[in-house]
Amino acid sequence: MELEKTYNFRVDTGAQNENHVLTLSALQRIIVTVSEEHLKNIGLDVPFLMKEYGVSWILLSLSAKIIDPVRAGELLSVRTWHTNKKGLYYRRDIEIRHEDGSLAAVAATFSSIFDMKTRRLCTNEKVLELVEELGEGKELFEANPRVRVKPEELEKVLSLPVMPSWIDALGHVNNLRYGDLITDALSEEKRADLGRLSRFELGFTGELRLGESVELRFAEKEDAVLVAGIRSSDEKPAFVSKLEF
């Protein structure tokens with residue numbers, strides 16, 4: 001059974017920051033890569049959906065709970081499964097374990113099917129019937145489907161143009177780039193503090209595309225940090241994130 005499969009991820013130097021702590025983008029990469037491999041193994045991967053139907057899975061948000069920080073150089077084992085469906089939104093859970101088998105982190109993603117032509121969530125009944133066959137799995141923890149912030153209450157940190165290298169096959173900034181953007185908004189002190197990270201929330205609220213710029217905004221709360229990226233095209237958030245320590 002697919003649920004019995006495990007996937008491995010090596011915490012090499014590229015997955016660590018200058019403080020030898022797993023980077024946010026590396027945590028994202030574990031979650032996204034394993035999810036994509038799982039979809040490939042059950043015949044519902046992005047290349048197939050794009051070729052056959054002109055649609056793709058799109059990540060709407062993710063929530064991760066760090067139980068015991070990973071260690072440099074270790075080989076993690078990861079399992080994932082589809083958990084449930086509400087309307088057009090699909091939840092999957094991810095279990096990340098240390099090399100010795102103990103639990104390192106749990107995560108959940110909320111995704112939907114994206115119509116490449118309309119740039120909206122897919123309502124094609126044929127496609128939805130195809131993914132309707134996904135099974136039901138266990139929720140590992142209480143996950144937040146979307147972070148909510150007031151951008152005007154966050155301090156402006158810097159503005160960056162969207163670079164061609166950020167763009168993926170869907171024509172927008174790939175979700176793996178957002179962990180780096182969040183990191184760029186953090187102070188040196190907070191980057192050093194990532195070793196104490198207990199919760200990582202990231203929600204996507206709008207596409208970032210070539211020709212735009214993104215303004216990073218930051219706010220520090222008690223035991224938490226908020227980061228938002230504001231699009232230049234309409235001055236609305238493209239993403240919001242919350243880091244809890």
Side-chain angles (χ1 to χ4, degrees), residues 28 31-33 35-40 42-63 80 82-94 107-136 143-151 160-179 181-182 201-217 227-242:
Q28 280 185 269
I31 294 168
V32 171
T33 302
S35 299
E36 290 177 345
E37 189 66 23
H38 174 261
L39 288 168
K40 179 181 178 181
I42 62 175
L44 290 172
D45 55 296
V46 170
F48 168 76
L49 292 175
M50 288 180 67
K51 179 181 179 180
E52 296 295 325
Y53 301 102
V55 301
S56 171
W57 287 103
I58 186 171
L59 182 62
L60 302 174
S61 67
L62 69 84
S63 181
T80 185
H82 174 257
T83 311
N84 54 51
K85 171 182 178 290
K86 293 181 180 179
L88 297 175
Y89 305 97
Y90 300 80
R91 170 175 171 157
R92 75 160 50 244
D93 280 63
I94 300 96
T109 63
F110 296 84
S111 304
S112 194
I113 303 293
F114 181 71
D115 189 308
M116 300 280 291
K117 186 175 181 180
T118 65
R119 313 300 294 182
R120 296 179 181 276
L121 297 189
C122 174
T123 56
N124 184 317
E125 290 188 5
K126 187 175 182 179
V127 176
L128 296 181
E129 286 176 5
L130 186 67
V131 298
E132 192 71 33
E133 298 177 5
L134 288 167
E136 297 287 327
N144 300 319
R146 184 61 59 87
V147 182
R148 299 191 182 279
V149 301
K150 295 181 179 179
L160 297 169
V162 173
M163 303 301 291
S165 60
W166 299 0
I167 304 299
D168 64 15
L170 301 186
H172 60 203
V173 174
N174 185 267
N175 64 75
L176 292 178
R177 292 288 181 179
Y178 288 88
L181 290 174
I182 294 165
E201 310 281 354
L202 173 58
F204 303 98
T205 54
E207 291 185 274
L208 262 179
R209 305 184 71 178
L210 203 59
E212 296 183 301
S213 62
V214 55
E215 181 182 84
L216 302 179
R217 298 187 185 183
V227 178
I230 310 300
R231 293 185 298 196
S232 59
S233 57
D234 57 10
E235 297 186 352
K236 293 182 179 180
F239 74 89
V240 291
S241 181
K242 183 178 182 181

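Just so we're clear, the structure is a prediction, and the values are computed from it rather than from any experiment. Along the sequence shown, the residues carry numbers beginning at 1.
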message: Rounded at 0.5 Å granularity, tell me how far CD1 in Ile230 sits from CG in Leu208.
response: 10.0 Å

query: Tell me, do Val149 and Val227 make a side-chain contact under 4.5 Å, heavy atoms counted?
result: no

- request: Tell me, with the steps shown, if Leu39 and Leu49 meet side chain to side chain contact (heavy atoms under 4.5 Å, CB included).
  value: CA-CA 11 Å; Leu39 288 168; Leu49 292 175; over 6 Å; no

Closest heavy-atom pair and its distance - Arg209, Gly171: NE-O, 3.3 Å

task: Determine the minimum heavy-atom distance between Ser241 and Val147, stating which atoms define it.
output: C-CG1, 4.3 Å

field: Non-neighbouring partners of Glu132 that pass salt bridge (Lys or Arg N to Asp or Glu O under 4.0 Å), sequence neighbours left out
entry: Lys85

- request: Answer whether the closest heavy-atom distance between the side chains of Leu216 and Leu160 falls below 4.5 Å.
  value: yes

message: Are the side chains of Trp166 and Leu176 in contact, using a 4.5 Å heavy-atom criterion?
response: no

query: Do any N or O atoms from the side chain of His82 and from the backbone of Asn84 form a donor-acceptor pair under 3.5 angstrom?
result: yes

statement: The complete set of side chain to side chain donor-acceptor pair (under 3.5 Å) pairs with one or both residues in residues 230-240, sequence neighbours excluded, reads Glu212-Ser233, Ser213-Ser232, Arg231-Asp234

- request: Report yes or no: does Gln28 contribute a side-chain atom to a donor-acceptor pair with the main-chain N or O of Asn175 at less than 3.5 Å?
  value: yes

task: Provide the closest heavy-atom pair for Glu201 versus Ser63 in the form atom of the first, atom of the second, distance.
output: OE1-OG, 2.8 Å

- request: Could you tell me the separation between the CG atom of Asp93 and the OG1 atom of Thr80, rounded to the nearest 0.5 Å?
  value: 7.5 Å

message: Using a 6.0 Å cut-off, check whether atom OH of Tyr89 has over 12 heavy atoms from anything other than its own residue.
response: no

- request: First locate atom CD1 of Ile113, then atom OH of Tyr90, and finally report the distance between them rounded to the nearest 0.5 Å.
  value: 6.0 Å

task: Begin from the C-alpha positions of Phe114 and Arg119 and carry the test side chain to side chain contact (heavy atoms under 4.5 Å, CB included) through to its verdict.
output: CA-CA 7 Å; Phe114 181 71; Arg119 313 300 294 182; 3.7 Å; yes

message: Taking Ser165's backbone N and O only, do any of them form a donor-acceptor pair with Arg177's side chain (distance below 3.5 Å, no angle check)?
response: yes

task: Heavy atoms only: give me the nearest Gly43-Phe48 pair and the separation to one decimal.
output: O-CD2, 3.6 Å

message: How close do Leu59 and Ser111 get, counting heavy atoms only, and between which atoms?
response: CD1-OG, 3.8 Å

- prompt: Does Leu202 offer a backbone N or O that forms a donor-acceptor pair with the side chain of Ser61 under 3.5 Å?
  reply: no

field: 4.5 Å side-chain heavy-atom contact, Leu210 and Pro164
entry: yes

- request: Check whether any side-chain N or O of Trp57 sits under 3.5 Å from a backbone N or O of Leu44 as a donor-acceptor pair, and report yes or no.
  value: yes

message: Once rounded to the nearest 0.5 Å, what's the spacing between atom CZ of Phe204 and atom CD1 of Ile58?
response: 9.0 Å

- prompt: Do Thr123 and Asp115 have side-chain heavy atoms sitting under 4.5 Å apart?
  reply: no

task: Could you tell me the separation between the CZ atom of Phe239 and the CD1 atom of Ile182, rounded to the nearest 0.5 Å?
output: 5.0 Å

field: Nearest heavy-atom neighbours spanning Asp168 and Asn174
entry: OD2-ND2, 3.0 Å

task: Kindly indicate whether the side chain of Ile94, heavy atoms from C-beta on, has any atom under 4.5 Å from the side chain of Thr109.
output: yes

field: Inter-residue atom distance Tyr53.OH - Cys122.SG, 0.5 Å rounding
entry: 10.5 Å

Donor-acceptor under 3.5 Å (Ser112 side chain, Leu121 main chain): no

- prompt: Can you tell me if CZ on Arg148 sees more than 12 non-hydrogen neighbours from other groups inside 6.0 Å?
  reply: no

- prompt: Does a side-chain heavy-atom distance below 4.5 Å link Leu170 with Met50?
  reply: yes

message: Asp45: which residues meet the side chain to side chain donor-acceptor pair (under 3.5 Å) condition with it, sequence neighbours left out?
response: none

